[in-house]
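Encoded as structure tokens, the structure appears first; notes follow it.
Order of listing sets the numbers, starting from 1, for every ligand and every atom in it. Remember, it's a predicted structure, so these values are computed and weren't measured experimentally.
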Amino acid sequence: SGTTRPMRILHYVQRSAKCGDVLSVISAIDSFCSKVEWAMNVGDKKGEILDAVVLETRPRYVLELGTYCGYSTMRIARLLPPGARLITIEMNSHYAQVAKELFQHAGLDAQDKSAEKRPAGPTCKVELLLGSSSVLIPQLKKKLDIDKFDLVFIDHWKVSYLPDTRLLEECGLLKSGSVLLADNVTCPGAPDYLEYVRNSPRYRSQYFPSQLEYLQVEDGVEKSVFLG
Ligand SMILES: O=C(NCCO)c1cc(-c2ccc(F)cc2)cc(O)c1O
Ligand SMILES: [Mg+2]
């Protein structure tokens with residue numbers, strides 16, 4: 001009983017970050033997780049690589065697999081122009097709830113698309129879907145009127161990276177030039193995913209060495225461009 005780690009993050013942010021200021025929410029999470037309690041956000045070091053890839057890609061349609069508390073969702077959303085759409089999928093309802101409350105504190109234009117009564121079509125930049133990625137990915141075209149994603153940030157269960165990437169291909173959700181950016185390819189690791197994107201002729205893959213969030217442990221992100 002008592003509080004959960006995501007709740008402790010939320011309470012710290014509500015107490016110490018400025019309402020409506022997404023950068024202060026991001027830095028409050030980083031300061032809590034480096035000084036008080038570790039948590040599995042992508043963090044500030046790998047977050048800078050994520051920022052650079054978002055700015056370089058200038059995506060209009062973004063998919064994130066694995067919301068957790070929404071830290072990387074907010075890092076991405078703050079760099080997107082109005083009119084861009086960021087869909088984030090989380091299967092843990094407690095994580096999704098905390099993420100929603102952090103988005104509210106940050107003043108992020110976010111909507112829980114799993115809610116029943118909602119206006120048709122996108123009225124906001126961040127759309128949070130509650131459920132399993134393997135179930136939701138095949139529904140994205142029909143339910144959300146999405147054609148292809150320009151950028152996919154993969155940060156959910158490491159065993160799901162490869163099957164969900166294959167699913168994105170099979171559902172026609174990737175176009176030539178679509179960018180996949182995968183967190184944790186070294187720690188905890190996603191060996192089958194790495195082997196696939198590095199050996200498939202359909203991807204041009206590049207490793208960005210870094211460190212596991214808030215720790216002096218090696219990790220890195222893999223950027224893989226789909227070649228169609
Ligand atoms: O499982 C992860 N994400 C999906 C959550 O539904 C995850 C885990 C870790 C991690 C954990 C335990 C450890 F000892 C080292 C790393 C780090 C991450 O960045 C992650 O994204
Ligand atoms: Mg991660």
Side-chain angles (χ1 to χ4, degrees), residues 4-10 25-54 62-77 79 86-103 112 114 126 128-137 151-165 167-168 179-194 196-197 205-224:
T4 65
R5 184 170 309 184
M7 284 159 83
R8 294 191 289 273
I9 292 172
L10 175 62
V25 169
I26 290 168
S27 67
I29 295 172
D30 283 331
S31 105
F32 180 80
C33 294
S34 36
K35 283 182 274 183
V36 182
E37 192 175 0
W38 186 90
M40 58 183 165
N41 318 113
V42 74
D44 45 347
K45 286 200 176 74
K46 290 184 289 177
E48 286 178 14
I49 302 169
L50 172 59
D51 291 355
V53 172
V54 173
V62 184
L63 174 65
E64 174 179 63
L65 302 178
T67 314
Y68 187 43
C69 295
Y71 173 92
S72 47
T73 323
M74 291 185 274
R75 284 199 80 111
I76 297 167
L79 300 176
L86 169 46
I87 316 297
T88 184
I89 294 176
E90 177 54 59
M91 73 169 300
N92 180 308
S93 57
H94 178 57
Y95 295 168
Q97 183 53 39
V98 168
K100 263 166 51 185
E101 296 185 45
L102 283 166
F103 297 155
D112 177 351
S114 30
V126 177
L128 173 54
L129 298 183
L130 183 59
S132 152
S133 50
S134 59
V135 170
L136 290 170
I137 285 170
L151 173 65
V152 183
F153 181 55
I154 309 173
D155 192 22
H156 59 336
W157 283 350
K158 311 315 160 193
V159 293
S160 300
Y161 282 29
L162 181 53
D164 284 351
T165 296
L167 198 52
L168 287 167
V179 174
L180 306 185
L181 191 68
D183 189 28
N184 310 117
V185 295
T186 296
C187 175
D192 57 342
Y193 173 81
L194 273 191
Y196 178 71
V197 289
S205 214
Q206 182 182 5
Y207 179 65
F208 292 82
S210 186
Q211 288 179 322
L212 185 63
E213 48 267 28
Y214 318 115
L215 294 176
Q216 303 273 335
V217 169
E218 189 191 339
D219 190 17
V221 296
E222 187 86 359
K223 178 192 167 192
S224 307

| N/O separation below 3.5 Å, Asn41 to ligand 1 |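 Among all N and O atoms of Asn41, none is under 3.5 Å from an N or O of ligand 1.
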| message | With respect to Lys158, determine whether any N or O atom, backbone or side chain, lies less than 3.5 Å from an N or O atom of ligand 1. | response |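 The answer is yes, given that Lys158 and ligand 1 share an N or O pair closer than 3.5 Å.
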| message | Quick one, Ile9 with Val98, criterion side-chain contact (heavy atoms from CB on, under 4.5 Å). Give me CA distance, side-chain angles, the key distance, then yes/no. | response | CA-CA 9 Å; Ile9 292 172; Val98 168; 5.8 Å; no
Which residue and atom name correspond to the protein heavy atom nearest [atom], and how close is it?
atom                    : value
atom 17 (C) of ligand 1 : Glu213 OE2, 3.2 Å
atom 20 (C) of ligand 1 : Asn184 OD1, 3.3 Å
atom 11 (C) of ligand 1 : Trp38 CH2, 3.9 Å

Closest non-hydrogen atom pair between [X] and [Y], with its separation:
X      : Y      : value
Asp219 : Thr186 : OD1-N, 3.2 Å
Ser93  : Leu130 : CA-CD1, 3.6 Å
Asn92  : Glu90  : N-OE2, 2.8 Å

| task | Considering just N/O/S atoms, say which atom of Asp183 is closest to the Mg ion (ligand 2). | result |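 Going by distance to the Mg ion (ligand 2), the closest N, O or S atom in Asp183 is OD2.
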| said: For the Mg ion (ligand 2), give me the closest N/O/S atom belonging to Asp155, just the atom name. | reply: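 Atom name returned: OD1.
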| request: Establish whether atom 13 (C) of ligand 1 and some protein heavy atom are separated by less than 4.0 angstrom. | output: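 Looking at atom 13 (C) of ligand 1, one finds that no protein heavy atom lies closer than 4.0 Å.
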| said: Would you say atom 3 (N) of ligand 1 makes contact with the protein, given that contact here means a non-hydrogen protein atom less than 4.0 Å away? | reply: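 So far as the 4.0 Å threshold goes, atom 3 (N) of ligand 1 is in reach of a protein heavy atom.
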| For Asp183, atoms of ligand 1 separated by under 4.0 Å from a heavy atom |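 Atoms satisfying the 4.0 Å criterion: 19 (O).
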| query | Quick one: which ligand 1 atoms are inside 4.0 Å of a heavy atom on His156? | reply |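 Near His156, meaning under 4.0 Å from one of its heavy atoms, ligand 1 has 3 (N), 4 (C).
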| said: Can you tell me if, anywhere in Asn184, an N/O/S atom lies at a distance from the Mg ion (ligand 2) that is smaller than 2.8 Å? | reply: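 Yes - counting backbone and side chain alike, Asn184 has an N, O or S atom under 2.8 Å.
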| Quick one: do the Thr73 and Thr67 side chains pair a donor with an acceptor below 3.5 Å? |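 Not at all, the side chains of Thr73 and Thr67 share no donor-acceptor pair under 3.5 Å.
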| Do Tyr214 and Asp44 get their side chains close enough for a donor-acceptor pair, meaning under 3.5 Å? |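 Short answer, no.
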| field | Derivation and outcome, side-chain hydrogen bond (donor to acceptor under 3.5 Å, both in side chains), residues Tyr71 and Asp30 | value | CA-CA 9 Å; Tyr71 173 92; Asp30 283 331; 2.7 Å; yes
| Inter-residue atom distance His156.NE2 - Ser133.OG, 0.5 Å rounding |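 Between His156 NE2 and Ser133 OG, I get 3.5 Å after rounding to 0.5 Å.
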| Hey, what do you get for OG (Ser134) to CH2 (Trp157), rounding to the nearest 0.5 Å? |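 It is 9.0 Å, given to the nearest 0.5 Å.
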| request: Step by step, work out the side-chain contact (heavy atoms from CB on, under 4.5 Å) result for Asn41 and Glu213. | output: CA-CA 7 Å; Asn41 318 113; Glu213 48 267 28; 5.6 Å; no
| query | Looking only at heavy atoms of Trp157, does any of them come nearer than 4.0 Å to an atom of ligand 1? | reply |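 Per 4.0 Å heavy-atom rule, Trp157 contacts ligand 1.
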| Does Glu90 have a heavy atom less than 4.0 Å from any atom of ligand 1? |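 Contact absent.
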| request: Just go through Ser72, Ser160, Pro188 and tell me whose heavy atom is the nearest to atom 16 (C) of ligand 1. | output: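 It is Pro188 that holds the nearest heavy atom.
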